[in-house]
Amino acid sequence: AAYKIDSKKVFKCLLFVDSLMFILLEILVVLGKTENRIFYENGHIRYSLGFAYVLEFTTRFLFLLLIFLFLYGEKIKAYIYVLITFLSILILKLTYAKLDFICMISAIPIFLIHKLICDNKLKGKFVVIWEKFWKIAALWSMPVMAVSFTVLSLIYNPNNAFLVKLNRLL
C-alpha cells in the first residue's frame with residue numbers, strides 16, 4: 001500500500017498524528033474528562049495517563065521518541081537531549097515503567113554517537129566498527145533476544161539477589 005512512498009513521509013505523518021493525540025489525551029486527563037487509572041504495585045503508584053494500562057503510554061512514547069530521533073537526530077541540539085532525559089525521568093516517576101525508561105535513556109547516546117559520526121566529529125576505526133556492529137546487530141538481534149527472553153523466563157526467580165539489587169537501583 002505504500003509503494004513508491006518515502007518512508008520518512010510516513011514517519012513524519014505518524015509522528016504528527018500521534019503527538020497530537022498524546023497532547024489532546026493529556027489535556028483531557030488534566031481536565032478530568034478522561035480516566036487516569038491508578039495502579040498500586042509493590043509500593044509504587046503507577047498512573048496510566050489516559051490509557052488502559054501504564055505500559056501503553058510509555059511504549060507509545062518510546063516509539064514516538066525513536067521516530068523523532070530517527071527523523072531529526074542529525075539536527076538535534078544538546079538541549080533537546082536534556083529535555084528528552086527530563087521527560088524520560090518524569091515518565092518513570094509517573095508510570096514506574098523501568099524497561100521503557102532504560103530504552104529511552106539508552107537511545108540518547110546511540111543517536112548522539114550517530115550524530116557525531118554524521119557531523120564528521122568521529123572518524124577512523126571507531127566509525128568502521130560502529131557501522132559493522134549495527135549491521136551485525138540488525139541481523140542477529142531478533143533471534144538472540146527471542147532465545148534470551150525464553151531462557152530468562154524459564155530461570156526467573158523474583159528473589160534473585162542480583163535482580164533485587166538492580167530493581168532497587170531504579
Side-chain angles (χ1 to χ4, degrees), residues 11-116 130 133-134 137-138 141-142 144-170:
F11 285 133
K12 284 180 182 179
C13 181
L14 177 65
L15 183 64
F16 174 76
V17 171
D18 268 13
S19 297
L20 186 63
M21 184 221 34
F22 259 73
I23 292 167
L24 291 174
L25 184 61
E26 295 318 305
I27 290 171
L28 292 173
V29 167
V30 169
L31 294 175
K33 302 294 181 186
T34 301
E35 184 181 9
N36 184 12
R37 294 181 182 175
I38 300 172
F39 298 88
Y40 300 96
E41 291 182 19
N42 301 325
H44 296 282
I45 298 171
R46 302 176 79 182
Y47 298 94
S48 69
L49 302 170
F51 288 88
Y53 188 65
V54 173
L55 297 179
E56 287 181 63
F57 175 86
T58 57
T59 303
R60 285 178 180 258
F61 184 84
L62 172 63
F63 284 125
L64 284 179
L65 174 65
L66 292 174
I67 291 169
F68 175 78
L69 291 171
F70 170 72
L71 290 173
Y72 304 107
E74 296 171 11
K75 302 172 191 171
I76 294 176
K77 305 289 183 207
Y79 72 91
I80 298 292
Y81 287 110
V82 172
L83 180 64
I84 291 169
T85 303
F86 173 75
L87 284 173
S88 300
I89 292 168
L90 179 64
I91 290 169
L92 174 67
K93 295 294 182 190
L94 291 172
T95 63
Y96 199 63
K98 296 177 287 187
L99 183 59
D100 287 326
F101 171 74
I102 291 169
C103 292
M104 288 179 224
I105 295 299
S106 300
I108 294 170
I110 292 170
F111 280 91
L112 196 56
I113 291 170
H114 180 72
K115 178 182 175 9
L116 292 172
W130 183 260
F133 169 78
W134 286 109
S141 63
M142 287 300 184
V144 168
M145 293 307 246
V147 170
S148 299
F149 289 148
T150 303
V151 170
L152 289 173
S153 296
L154 293 172
I155 64 170
Y156 174 72
N157 176 1
N159 298 321
N160 181 299
F162 172 74
L163 294 177
V164 170
K165 286 181 184 179
L166 182 62
N167 198 33
R168 285 187 184 146
L169 285 175
L170 296 174

Q | Separation between CG of Leu94 and CD1 of Ile38, rounded to the nearest 0.5 Å | A | 11.0 Å
(Q) For Ile89, run the side-chain contact (heavy atoms from CB on, under 4.5 Å) check against Leu92, Thr85, Leu87 and tell me which one passes. (A) Thr85
(Q) Tell me if the aromatic rings of Phe111 and Tyr81 count as close, with their centers under 6.0 Å from one another. (A) no
Q: Could I get the full list of ring pair (Phe, Tyr, Trp, His ring centres under 6.0 Å) partners for Phe68, not counting sequence neighbours?
A: Tyr72
**Q.** Side chain to side chain, Arg37 and Arg46, heavy atoms closer than 4.5 Å
**A.** no
Q) Are the side chains of Ile84 and Met104 in touch, meaning some heavy atoms are under 4.5 Å apart? A) no
Q: State, yes or no, whether a side-chain contact exists between Phe39 and Tyr53 at a heavy-atom distance under 4.5 Å.
A: yes
Q.
Aromatic contact between Phe51 and Phe22, with the criterion being ring centroids under 6.0 Å apart: yes or no?
A. yes
**Q.** Considering all heavy atoms, the nearest Ser88-Ile105 contact
**A.** CB-CD1, 3.8 Å
**Q.** Gap between atom CD1 of Ile76 and atom CG of Leu71 - 0.5 Å precision
**A.** 9.5 Å
**Q.** Closest heavy-atom pair and its distance - Cys103, Leu62
**A.** CB-CD2, 3.7 Å
Q) Going from CG on Leu64 to CZ on Phe16, what distance comes out if it is rounded to the nearest 0.5 angstrom? A) 12.5 Å
**Q.** Interatomic spacing from CG in Leu83 to NZ in Lys77 - rounded to 0.5 Å
**A.** 15.5 Å
Q: Compare every heavy atom of Ala107 with every heavy atom of Leu69, then report the nearest pair and how far apart it is.
A: CD1-CB, 3.9 Å
**Q.** Distance (rounded to the nearest 0.5 Å) between Asp18 CG and Ile23 CD1
**A.** 11.0 Å
Q: Give the minimum heavy-atom separation between Leu25 and Leu49, together with the two atoms involved.
A: CD2-O, 4.0 Å
Q: Indicate the atoms forming the closest heavy-atom contact of Thr59 with Leu55, along with that distance.
A: OG1-O, 2.8 Å
Q) Are Ile91 and Asp100 side-chain neighbours, meaning at least one heavy-atom pair lies under 4.5 Å? A) no
Q) What closest approach, in Å, do Ile67 and Phe11 show between heavy atoms, and which atom pair accounts for it? A) CG2-O, 3.7 Å
Q) For Glu74 and His114, what are the C-alpha separation, side-chain angles and deciding distance, and is it a side chain to side chain contact (heavy atoms under 4.5 Å, CB included)? A) CA-CA 8 Å; Glu74 296 171 11; His114 180 72; 3.7 Å; yes
Q: Evaluate the ring planes of Trp130 and Phe133, with Trp represented by its six-membered ring, and classify them as parallel (under 30°), tilted (30 to 60°) or perpendicular (over 60°).
A: tilted
(Q) Please check if the number of heavy atoms outside Lys115 that lie under 6.0 Å from its NZ is greater than 12. (A) yes
Q) Under 4.5 Å between any side-chain heavy atoms of Ile45 and Tyr40, yes or no? A) yes
